[in-house]
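First comes the structure, then the notes that go with it.
These numbers come from a predicted model, not from an experiment.
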Amino acid sequence: MAVEGTTAPRVTRRRVRTRANLLDAAFAVFAAKGFGRVSIEEVCEAAGYSRGAFYSNFDSLDELFFALYRQRADLIAEQVAGALAQDGPDLDVQASVDRVTEVLLLDVDWLLVKTDFLVRAARAPEVAQTLLEHRERLRQVVADRLARAAGGTALPAVLGDADGAARAVVAAYDGVTVQLLLDKDVEHARSWLKQLLTALLTDGSGTREQ
């Protein structure tokens, strides 16, 4: 019993590390070549593992691809939630926009992988559902924060309610990331996103009392 008690945690930690290394390697290979052009062997070679190690963690490249997307999408939602949680009851729009745009993941390699996922989602309903669920989580994080501040911060009427404003925020992020994918200028993308979100949420005049 003593031997089992000391061995199991080491096996668990090793498996977690192997899975993480496979995901990191897959991210680099997918970004460089595109999902449809990558083999399991290439992922294993990049990670330094055998096919056996791969199949002990994933059933297929599809499963790994989904896991990779979930990992990055969850990170983005957590970054946004953390940045928005720093305000008090009232929403300081400019301060919140500054924090969100500073921490938000703007990475060309991630956008390449995300675009692959989007293309697959356009042709496969089950993939589209996964993408929609993660987009909904990001939208909900923003909508919840805007709703909590509704008593002290008025949003531009054209956006409607907090949910409409959150959809506009996500759409703005999508648009800026497409431009980033083309020009590769991360600093410009971050600056432009900051200006765009500020204009969207304040109608150019900042916060105001209702």
Checking A81 now: which residues fulfil side chain to side chain contact (heavy atoms under 4.5 Å, CB included) with it, not counting sequence neighbours?
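Residues passing side chain to side chain contact (heavy atoms under 4.5 Å, CB included) with A81: V141.
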Considering only residues two or more places apart or on different chains, which pairs with a residue in residues 189-200 satisfy salt bridge (charged side-chain N to carboxylate O under 4.0 Å, His left out)?
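Pairs touching residues 189-200 that pass the test: D98-K194, E102-K194.
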For [X], give me all partners under side-chain hydrogen bond (donor to acceptor under 3.5 Å, both in side chains), at least two apart in sequence or on another chain.
X    : value
Q179 : D183
E45  : none
R37  : none
E187 : none

Quick one: does any side-chain atom of Q79 pair with a main-chain N or O of V103 as donor and acceptor, under 3.5 Å?
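Answer holds: yes.
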Can you check whether [X] reaches [Y] side chain to side chain, under 4.5 Å on heavy atoms?
X    : Y    : result
Q71  : F27  : no
R14  : T18  : yes
L22  : R19  : no
L180 : W192 : no

[X]: what forms a salt bridge (charged side-chain N to carboxylate O under 4.0 Å, His left out) with it, not counting sequence neighbours?
X    : value
E136 : R139
K33  : E42
E41  : R51

Which residue pairs pass the side chain to side chain donor-acceptor pair (under 3.5 Å) test when at least one of the two sits in residues 103-112, sequence neighbours left out?
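Qualifying pairs, neighbours excluded: none.
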Would you be so kind as to tabulate the donor-acceptor pairs closer than 3.5 Å made by side chains of residues 116-123, with sequence neighbours excluded?
residue, atom, partner, partner atom, Å
D116, OD2, F35, N, 2.8
R120, NH1, D62, OD1, 3.3
R120, NH2, D62, OD1, 3.4

Do any side-chain atoms of residues 164-175 form donor-acceptor pairs under 3.5 angstrom with protein atoms, and if so which ones, sequence neighbours left out?
residue, atom, partner, partner atom, Å
R167, NE, D163, OD2, 3.0
Y173, OH, L105, O, 3.0
D174, OD1, R135, NH1, 3.3
D174, OD2, R135, NH1, 3.0
D174, OD2, R135, NH2, 2.8

